[in-house]
Amino acid sequence: MSIVAKQASAPAKKIRLNAFAANGPVHLSPGFWTHPEDRSLEYKTIDHWLDLARLLERGKFDALFLADGNGVNDVYGGSADTAIRLGAQIPRGDPFVVVPAMAAVTRHLGFGVTGNVSYEPCVPFARRLTTLDHITGGRIAWNIVTGFLASAAKAQGQAKVTAHDTRYDIADEYMEVMYKLWEGSWQDDAVIADRATGQFAAPERVHKIKHDGEHFHVEAIFMSEPSPQRTPLLFQAGASTRGRAFAGRHAECVFVSGPSRQVIAPIVADTRRKAAEQGRDPHDIRFFSLATVIVAPTQAEASAKFDEYTRYINQEAALAMFSSWTGTDFSSHDLGAPIPYVVRDAAMNSAIESFTIADPDRVWTLREMMMHNAIGGRGPVFVGDPISVADALQSWVADTNVDGFNLSYALMPNDFRDFIDLVVPELQSRGVYKRHYAAGPLREKLFGPGRARVLDTHPASIFRA
């Protein structure tokens, strides 16, 4: 499970970092809320989020990436009992609500919020994101997801989960509606705000958008004037074949996760190819690979910390989560048996595909897969001193062509604090991590001056007023 890479030999590349978390006691490390030093149970308090935001800005993180879900993990054992009893991603608070408070105590930290196109009505959801972008000064990213949990579909009054590829077809049309609202309703010069005449906006520069499609029918003047980014920075995390096609068309940042470089590199390369097929520059996408870092001043201390962490893994909770991700009830499976890859509509199909298909040289057992996922999720776990961890991160970037990492954690917020105190200075000394934030909105911070809005090659641009 522990991965410490050889000294990176590739040319130095700047590394981007997001913190990966969720508004609840358990994100991707089930059982760790029981550790006496963990603060995950404080997720209901404002101080928890304020302290986290200040910490991440001190570490010059690009963003706090907040995951979310609309349903409970109820596949394991055929009920939600295990998930509820062990807190396996339930309860969960709304990630949008905590962002304004964190934005008030920071100036540069971005916020990636997860919103599900399967369940969020287009018009009010577009306004919510625009409002957040306004009050944060342009620091909002949207993580675009589709609903795969049967429990979430039922909670929304649907009989079953929509077929996997159909969900992405619907999402393509959903994005067109959002682009029309964000880019096409208000012209940049629509707001006059002339105190002398009392005129706020020019009606001829504000347009009603109309969309009459297969899945959505909208006729509306958008209720919000343009925010600093207009369209928020667009994240996407689907790693399936259809998901990569969606990312190649829409995503500006892609979150990828998998246990090895052999898994990540082909996903990155294929998504870049799909972007090029859409007429986009394949390098206009930033890729963030899931990873967890367990670091200490010495290798021996880091190894001891990792060994201690493993004692807090709740295997049953991990199985409950993994069962829902894959759509397979593992409550009666042999932990030593290989895991087959089966495509299911009510599943995150890449959860097993990334282990069993893209990495054909290894056969994973249920126990191995469950234990790998139990500390920080599907990504690698880098364990070591600051130098060896920095080597591992640089080597991973060089071998996979990602741009940075979505850093998960075992203990909240200790693992982020240790990374900031120990690894960030090492990366900065190598010239591969920023010492100061760039100016401008989040998109401009990531892509450079003059890039506050989506590019002309992005599909959103064709709907500009």
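Since this is a predicted model, take the numbers as computed values, not measurements.
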Residues [X] and [Y] bridged, charged N to O under 4.0 Å:
X: Asp421; Y: Arg58; answer: yes
X: Asp403; Y: Arg272; answer: yes
X: Asp284; Y: Arg451; answer: yes
X: Arg430; Y: Asp391; answer: yes
X: Glu120; Y: Arg128; answer: yes
X: Glu42; Y: Arg39; answer: yes
X: Asp334; Y: Arg367; answer: no
X: Glu57; Y: Arg107; answer: no
X: Asp165; Y: Arg242; answer: no

Atom NZ of Lys44 with >12 non-hydrogen neighbours under 6.0 angstrom:
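Above 12, so yes.
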Within residues 419-454 or reaching into it, pairs that qualify as ring pair (Phe, Tyr, Trp, His ring centres under 6.0 Å) - sequence neighbours excluded
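Non-adjacent pairs meeting ring pair (Phe, Tyr, Trp, His ring centres under 6.0 Å): His108-Tyr437.
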Locate the shortest heavy-atom distance separating [X] from [Y]; write the atom from each residue and the value.
X: Gly384; Y: Gln299; result: CA-OE1, 3.3 Å
X: Ala22; Y: His27; result: CB-CD2, 3.6 Å
X: Gln229; Y: Pro232; result: NE2-CA, 4.0 Å
X: Trp182; Y: Ala126; result: NE1-O, 3.3 Å

With a 4.5 Å limit on heavy-atom distance, are the side chains of [X] and [Y] in contact?
X: Val293; Y: Leu407; result: yes
X: Val424; Y: Lys60; result: no
X: Thr328; Y: Ser323; result: no
X: Val99; Y: Thr136; result: yes
X: Leu56; Y: Leu17; result: no
X: Phe111; Y: Thr106; result: yes
X: Asn23; Y: Trp49; result: yes
X: Pro25; Y: Pro91; result: yes

Could you state the interatomic distance from CZ (Arg435) to CG (Leu427), rounded to the nearest 0.5 Å?
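It is 10.5 Å, given to the nearest 0.5 Å.
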Would you say the side-chain atoms of Thr114 and Asn143 include a donor-acceptor pair closer than 3.5 Å?
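Per modelled atom types, Thr114 and Asn143 side chains form a pair under 3.5 Å.
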No-hydrogen, no-angle side-chain donor-acceptor test under 3.5 Å, Ser461 and Arg453:
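No - no donor-acceptor pair under 3.5 Å links their side chains.
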Partner residues of Gln158 under the side chain to side chain donor-acceptor pair (under 3.5 Å) criterion, sequence neighbours left out:
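Side chain to side chain donor-acceptor pair (under 3.5 Å) check on Gln158 returns nothing, list empty.
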Would you mind telling me which of Pro36, Pro30, Ser29 makes a side-chain contact (heavy atoms from CB on, under 4.5 Å) with Tyr312?
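With Tyr312 as partner, Pro36, Pro30, Ser29 yield a single side-chain contact (heavy atoms from CB on, under 4.5 Å), made by Pro36.
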Run the side-chain hydrogen bond (donor to acceptor under 3.5 Å, both in side chains) check on Asn18 and Asn406 step by step: do they pass?
CA-CA 5 Å; Asn18 299 321; Asn406 264 9; 2.9 Å; yes
Of Arg443, Gln236, Arg286, which is the lone residue that meets side chain to side chain donor-acceptor pair (under 3.5 Å) with Glu252?
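Passing option: Arg443.
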Parallel, tilted or perpendicular for [X] and [Y], by the 30°/60° rule?
X: Phe235; Y: Phe288; result: tilted
X: His372; Y: Trp364; result: perpendicular
X: His250; Y: Phe246; result: tilted

Check: [X] ring centre within less than 6.0 Å of [Y] ring centre:
X: Phe330; Y: His333; result: yes
X: Phe255; Y: Phe20; result: yes
X: Tyr174; Y: His215; result: no

Checking the side chain of Thr326 only, and the main-chain atoms of Phe322 only, is there a donor and an acceptor separated by less than 3.5 Å?
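Present.
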Donor-acceptor pair, side chain of Asn73 and main chain of Met321, under 3.5 angstrom:
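Flag not set: sc Asn73 to bb Met321 has no pair under 3.5 Å.
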Working note: Asn414 + Phe416, criterion side-chain contact (heavy atoms from CB on, under 4.5 Å); need CA distance, chi angles, decisive distance, verdict.
CA-CA 5 Å; Asn414 298 27; Phe416 292 135; over 6 Å; no
